[in-house]
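Worksheet: the structure to be examined is printed underneath.
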Amino acid sequence: MPAGPAGRPPAITPVRVVVALCLVAPFVAMLWVSSYAKVDPAFIGIPFFYWYQMLWVLVSTALTALAHRLWQRDQRAREAGERA
């Protein structure tokens with residue numbers, strides 16, 4: 001990893017951009033109400049409006065877990081780089 005000012009790794013890395021996107025995606029999906037404010041297609045009798053939001057609960061959980069793991073890996077790499 002190329003060193004930035006004062007020999008520290010850069011603050012913005014591709015991994016950190018992916019972490020940010022993982023954390024922002026659920027907010028964008030839920031705030032863009034016009035994209036899911038409809039009844040069809042229904043899933044086992046549940047209107048789209050409801051099952052779409054419930055699906056995002058699961059997707060958000062997976063994205064948050066992924067962001068956490070990527071963040072931990074990035075932090076370990078930064079600490080290893082500082083020790084070397």
Side-chain angles (χ1 to χ4, degrees):
M1 191 179 311
R8 283 185 253 141
I12 300 174
T13 63
V15 172
R16 288 182 175 203
V17 171
V18 172
V19 167
L21 290 174
C22 285
L23 296 175
V24 169
F27 289 101
V28 172
M30 290 293 91
L31 290 175
W32 186 19
V33 177
S34 63
S35 71
Y36 64 91
K38 50 191 167 192
V39 175
D40 290 325
F43 176 69
I44 60 171
I46 302 169
F48 181 74
F49 181 79
Y50 294 113
W51 71 257
Y52 178 82
Q53 291 178 66
M54 290 298 106
L55 179 65
W56 269 102
V57 170
L58 301 174
V59 171
S60 298
T61 302
L63 288 173
T64 302
L66 175 64
H68 178 69
R69 294 212 179 191
L70 289 173
W71 182 262
Q72 285 181 326
R73 188 177 78 178
D74 186 58
Q75 290 301 103
R76 282 193 300 268
R78 290 168 84 72
E79 288 172 4
E82 288 175 3
R83 288 186 209 139

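As the structure is a prediction and not an experimental result, all values here were calculated from the model.
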Which pairs pass salt bridge (charged side-chain N to carboxylate O under 4.0 Å, His left out) with one or both residues in [range], sequence neighbours excluded?
| range | value |
| --- | --- |
| residues 20-30 | none |
| residues 38-58 | none |
| residues 16-32 | R16-D74 |

Minimum-distance pair of heavy atoms, taken over all atoms of A67 and C22: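 For A67 and C22, the tightest heavy-atom pair comes out as CB-CB, 4.0 Å.
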
Heavy-atom pair with the smallest gap, counting every atom of V19 and L70: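 Smallest interatomic distance, heavy atoms only, reads CG2-CB, 3.7 Å.
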
same_hphob_cluster(L66, V15) at 4.5 Å side-chain heavy-atom cutoff: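 Linked within one cluster.
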
Shared-cluster residues of L58, by chain and number - hydrophobic side chains joined below 4.5 Å: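 Result for L58 is none, singleton.
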
ILVMFWY cluster membership beyond I44 - transitive side-chain contacts under 4.5 angstrom: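 Besides I44, the cluster holds M30, V33, Y36, F43, I46, F48, F49, Y50, W51, Y52, L55, W56, V59, L63.
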
Residue pairs involving residues 22-34 (criterion side-chain hydrogen bond (donor to acceptor under 3.5 Å, both in side chains); sequence neighbours excluded):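 For residues 22-34: W32-S34.
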
